[in-house]
There are 2 protein chains.
Amino acid sequence: MMQVLRGELRERELPFTHQREAIAQVMFESTRHLSADDVAAALRQRGEHAGKATVYRTLALLVELGLATEHDFDEGFKRYETKVGAAQHDHLICTACGRVSTFQHPELDRIFAELASEHGFEAITRQVKVFGTCSETAACRELQRAYREAGRTS
Amino acid sequence: MMQVLRGELRERELPFTHQREAIAQVMFESTRHLSADDVAAALRQRGEHAGKATVYRTLALLVELGLATEHDFDEGFKRYETKVGAAQHDHLICTACGRVSTFQHPELDRIFAELASEHGFEAITRQVKVFGTCSETAACRELQRAYREAGRTS
DNA sequence: AACGCCGTTGAGAACCAGTCCCGATCAGGA
DNA sequence: TCCTGATCGGGACTGGTTCTCAACGGCGTT
């Protein structure tokens with residue numbers, strides 16, 4: 001896993017530094033969506049440390065290398081997710097509790113490929129996000145009901 | 001058109017102010033995706049003026065009332081688009097020239113409805129964005145070619 | 001093992017979209 | 001016209017992210 005990073009860096013003649021290793025380790029070991037702060041906290045927890053500029057630069061680098069993806073769930077900051085060993089997937093974001101769940105739909109790839117070629121567009125990445133309320137907690141289910149009723153009457 | 005706004009405001013017992021009218025006018029007369037700054041500039045151009053706090057508040061209000069939608073095209077700021085008289089649509093964003101084009105796909109609504117019910121999720125809004133390169137300018141087409149070749153070899 | 005080049009690091013300053021504060025102003029019902 | 005409560009606006013503030021630049025550290029070379 002770390003070898004992949006090492007290889008990508010060598011290929012571009014970029015140094016494999018201690019900080020890059022530590023940050024990548026944090027990313028690779030988590031399947032969650034981490035903010036820059038989460039990464040810094042995880043580093044502290046294992047006795048490591050990296051300046052915030054380095055954390056941001058390294059996360060951007062991982063995205064550039066294709067080893068991570070960047071997400072914006074409308075929280076006012078970005079989150080990052082390891083891409084290694086995970087299939088392309090999209091997200092459902094609960095606006096009540098903040099939980100993010102993932103899904104894969106077999107038709108989406110085809111649809112976007114069709115769209116791109118129809119528009120003379122070369123698609124590089126896509127972002128598909130569905131915002132709404134989940135049914136994990138009682139509070140979320142309550143909001144679901146409220147929303148459904150409001151939708152019916154307006 | 002302005003009557004719609006007036007009605008929505010009355011329904012919620014909110015005052016129909018001169019600033020709200022002017023900002024809504026700017027939005028309703030444009031089919032483009034305007035940033036808060038664009039709106040302020042458009043106001044200036046027609047001899048109006050509104051503090052930026054008011055611009056932001058009013059745009060948020062229009063979104064709340066269902067008369068506008070908010071977009072984030074990864075430029076570091078939000079853009080707003082009037083929703084009046086426009087069908088649900090999604091966006092292709094060219095990362096080379098910044099052009100945004102729209103598309104509608106007949107299957108997407110069905111797919112997201114299915115997904116939501118499968119996950120016990122009540123979908124409120126969705127954001128579907130495809131980032132890539134368009135074929136509008138020579139520079140964009142050049143990047144398209146470069147990207148296709150890079151994709152082939154890696 | 002020591003050298004040197006050059007990209008990286010980090011602490012803090014800077015940046016900037018967006019929000020908050022609060023006294024002045026205004027919409028609109030009585 | 002008067003009154004009341006919401007809005008407005010200029011400027012201060014917030015907080016995520018980027019920039020600055022001197023010190024440092026990979027890593028290929030000698």
Side-chain angles (χ1 to χ4, degrees), chain A residues 2-3 5-26 33-44 47-65 68-80 98, chain B residues 2-3 5-27 33-44 47-65 68-81 98:
Chain A
M2 200 50 71
Q3 295 316 313
L5 172 61
R6 205 184 275 267
E8 289 288 339
L9 289 174
R10 170 153 300 154
E11 198 166 316
R12 286 154 217 246
E13 300 185 335
L14 297 174
F16 179 78
T17 65
H18 182 65
Q19 289 87 340
R20 283 174 178 170
E21 177 174 15
I23 293 168
Q25 197 80 49
V26 166
H33 303 89
L34 303 177
S35 66
D37 260 9
D38 291 338
V39 172
L43 287 174
R44 245 174 279 121
E48 307 272 0
H49 173 265
K52 63 180 168 174
T54 300
V55 171
Y56 280 107
R57 281 187 295 232
T58 304
L59 289 172
L61 178 67
L62 291 176
V63 170
E64 180 98 18
L65 298 180
T69 51
E70 187 184 79
H71 297 294
D72 184 346
F73 296 138
D74 265 14
E75 299 168 294
F77 53 85
K78 303 279 179 62
R79 289 184 177 276
Y80 298 84
Chain B
M2 200 52 71
Q3 295 316 312
L5 173 61
R6 206 184 274 267
E8 290 287 339
L9 289 173
R10 172 153 297 154
E11 197 165 318
R12 287 154 216 246
E13 299 184 334
L14 297 175
F16 179 78
T17 66
H18 181 65
Q19 289 87 342
R20 282 173 179 169
E21 177 174 16
I23 292 168
Q25 197 79 48
V26 167
M27 289 301 295
H33 303 89
L34 303 177
S35 65
D37 261 8
D38 292 338
V39 172
L43 287 175
R44 245 174 280 122
E48 306 273 0
H49 172 264
K52 65 176 171 173
T54 300
V55 172
Y56 280 109
R57 280 186 294 232
T58 304
L59 289 172
L61 178 67
L62 291 176
V63 171
E64 180 98 18
L65 298 180
T69 52
E70 186 185 81
H71 297 293
D72 183 347
F73 296 138
D74 266 16
E75 300 169 292
F77 53 86
K78 302 279 179 62
R79 289 186 176 276
Y80 298 83
E81 178 184 21

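In what follows, chains carry the letters A, B, and so on, assigned in the order in which the sequence lines appear, proteins first and then strands, with residues in each chain numbered from 1.
- Within 4.0 Å (heavy atoms only), B/His49 reaches sugar-phosphate atoms of the nucleic acid but no base atom.
- Taking the side chain of B/Phe77 as heavy atoms from C-beta on, and the options C/dG18, C/dA27, D/dC19, the nearest nucleotide is C/dG18.
- Residue B/Tyr56 is classed as a base contact, given a heavy-atom separation below 4.0 Å to a base.
- Taking every side-chain heavy atom of B/Thr54 into account, D/dC8 is the closest of C/dG10, D/dT7, D/dC8.
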**Study point:** side chain to side chain contact (heavy atoms under 4.5 Å, CB included) between B/Lys78 and B/His71, worked out
**Key:** CA-CA 6 Å; B/Lys78 302 279 179 62; B/His71 297 293; over 6 Å; no
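- Evaluation of atom-type donor-acceptor distances gives a pair under 3.5 Å for the side chain of B/Lys52 against the base of C/dG18.
- Here D/dG26 presents its P atom at 11 Å from CD of A/Glu21, a figure rounded to the nearest Å.
- The side chain of A/Thr17 contributes an N or O atom lying less than 4.0 Å from OP1 or OP2 of C/dT9.
- Nearest nucleotide to the B/Ala36 side chain, out of C/dG18, D/dC8, D/dT17: C/dG18.
- Of the two residues contacting DNA chain D, namely A/Asp37 and B/Gln19, the nearest-nucleotide position lying further toward the 5' end is that of B/Gln19.
- Ion pair A/Glu48/A/Arg44 not flagged as a salt bridge, since none of the NZ, NE, NH1 or NH2 atoms sits closer than 4.0 Å to an Asp/Glu carboxylate oxygen.
- Side chain of A/Pro15, nearest nucleotide from D/dA6, C/dG7, C/dG10: C/dG7.
- Checking C/dT8, C/dA27, C/dT9 against every side-chain atom of A/Thr58, the shortest atom distance belongs to C/dT9.
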**Study point:** Worked verdict on B/Phe73 versus B/His33 for ring pair (Phe, Tyr, Trp, His ring centres under 6.0 Å)
**Key:** CA-CA 10 Å; B/Phe73 296 138; B/His33 303 89; 5.3 Å; yes
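- A donor N or O paired with an acceptor N or O is found under 3.5 Å between the base of D/dG9 and the side-chain atoms of B/Arg57.
- No donor-acceptor contact under 3.5 angstrom links the side chains of B/His49 and B/Gln19, judged on distance only.
- Taking atom CD on A/Glu13 and atom P on D/dC27, their separation rounds to 12 Å, with Å as the unit.
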